[in-house]
Amino acid sequence: MPRESKKAKQARAIEMCHRMDERYPHVESALNYTDPFTLVICVLLSAQTTDVAVNKVTPELFERWPTAAAMAEADPADIAEVIRSIGFWRSKSLHCVEAAQMIVSEFGGEVPRTMEELTRLPGVGRKTANIVLNKGFDVVEGIAVDTHVYRISTRLGFSKAPTPLACEQDLLALLPRELWGTVNEQWIHFGRDTCTAQRPKCDGCPLVDLCPSAFKTNGNPRQKAKSRRATAKA
């Protein structure tokens, strides 16, 4: 088959975004948070764990430590007891306390509003920072590429990147900036209900005419690692 031009690929990607707008016009985060600080903690906890699992532990977590100042004084062992039902709870409990301490000591108790500052927080990488900026401050600096966005990007042929971080750069080069903000939530929903990791529902998929992997894939061939170290920044 002839190699697809960048212009043609961009047209497919933009058309996909338009169809996602039609399918998921008012998507919201599945995580339960009330302010930028609780959002940081929720997204930090969600790495390699479902949003449902995070939402089960955060009511008690935020009842006991509702602010950065409160969590900065917490014993990581106490937080670990509250969140131990989620994946990598030991390292995440440390990140919660360390991130809260940095927010208090270096940012006056307020969650920072720049990519550079957010990614200094323990346990916070570019994906998490993108979500916090977007959802917490209505700032769009990039696209949060999680496992769903990464899987869909590779299946649709928008990226051949070996990592989600590199995949983000491919998407940023492909999509107009005004489309970045809704990609994460819409593609997450699409990845959960249609373009699933195993046995994607190609029958009836609204993107079947745009997808080079339609009826050809069963899983994500590019995502070989079964899990990532929780100590790596998400």
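These numbers come from the heavy atoms of this one structure, side chains and all, not from hydrogens, waters or symmetry mates.
Judged by distance alone, with hydrogens and angles left aside, the side-chain atoms of K92 form a donor-acceptor pair with the main-chain N or O of A47 at under 3.5 Å. At least one donor-acceptor pair under 3.5 Å links the side chain of Y150 to the backbone N or O of A161. Distance alone, capped at 3.5 Å, places no donor-acceptor pair between the R113 side chain and the F137 backbone. Under the 3.5 Å distance criterion, the side-chain polar atoms of N32 are left unmatched by any main-chain donor or acceptor of N55. Of the possible donor and acceptor atoms, none in the side chain of K201 sits under 3.5 Å from a partner among the backbone N and O of T196.
Counting heavy atoms of neighbouring residues, nucleotides and ligands inside a 6.0 Å radius, atom CZ of R64 exceeds 12 of them. The neighbour count for E106 CD, taken as heavy atoms of other residues, nucleotides or ligands under 6.0 Å away, is above 12. The 12-atom threshold is not exceeded at CD of E28, counting heavy atoms of other residues, nucleotides or ligands nearer than 6.0 Å. Annotation: D209, atom CG; neighbour count of heavy atoms from other residues, nucleotides and ligands within 6.0 Å is above 12.
We find that D51 and R192 are joined by a salt bridge, their nearest charged nitrogen and carboxylate oxygen being less than 4.0 Å apart. Using a 4.0 Å cut-off between charged side-chain N and carboxylate O, R120 and E116 make no salt bridge.
Between R19 and L210 the shortest side-chain heavy-atom distance falls below 4.5 Å. Residues P176 and I14 are in side-chain contact: their nearest non-hydrogen atoms beyond the backbone lie under 4.5 Å apart. Taking 4.5 Å as the limit, some side-chain heavy atom of M71 sits within range of a side-chain heavy atom of L61. Side-chain contact between E22 and P206 is absent, with no heavy-atom pair separated by less than 4.5 Å. E168 is listed as a side-chain neighbour of N130, based on a closest heavy-atom distance under 4.5 Å. A 4.5 Å side-chain heavy-atom check between V111 and L39 finds every atom pair outside the cut-off. A 4.5 Å side-chain heavy-atom check between L45 and T58 finds at least one atom pair inside the cut-off. You'll find the side chain of W187 stays beyond 4.5 Å of the side chain of C195, heavy atoms only.
H95 contributes atom NE2, which lies 10.5 Å from atom OG1 of T128 (distance to the nearest 0.5 angstrom). Put simply, CZ on R151 and CD1 on I188 are 10.0 Å apart, with the number rounded to the nearest 0.5 Å. Atom CD in Q48 sits 11.5 Å away from atom CD1 in I86 (nearest 0.5 Å).
Hydrophobic clustering (ILVMFWY, side-chain heavy atoms < 4.5 Å, transitive): F37 and L94 are in distinct clusters. Both L133 and F107 sit in one connected hydrophobic cluster of ILVMFWY residues. Membership requires side-chain heavy atoms under 4.5 Å apart, directly or through other members. Hydrophobic clustering (ILVMFWY, side-chain heavy atoms < 4.5 Å, transitive): L118 and Y33 are in one cluster. Cluster annotation: V43 is not connected to L165 through the hydrophobic network of ILVMFWY side chains, with a link wherever side-chain heavy atoms come within less than 4.5 Å.
Between A68 and G109, the shortest heavy-atom contact is CB-O, 4.2 Å. For the residue pair W180 and L175, the shortest heavy atom distance occurs at NE1-O, 3.0 Å. Nearest heavy-atom pair, V54 versus C42, reported as atom, atom and distance to 0.1 Å: CG1-O, 3.9 Å. Of all heavy-atom pairs spanning S213 and R155, the tightest one is OG-O, 2.7 Å. In terms of heavy-atom proximity, S153 sits nearest to L171 at OG-CD1, 3.5 Å. The minimum heavy-atom distance linking F215 with C202 is given by the pair N-SG, 3.2 Å.
Of the options V57, D35, T34, I41, a side chain to side chain contact (heavy atoms under 4.5 Å, CB included) to F62 is made by I41 and by none of the others. No option in R12, Q10, K9 other than R12 meets the side-chain hydrogen bond (donor to acceptor under 3.5 Å, both in side chains) test with E4.
Between H189 and Y24, the two ring planes are tilted [angle within 30° to 60°].
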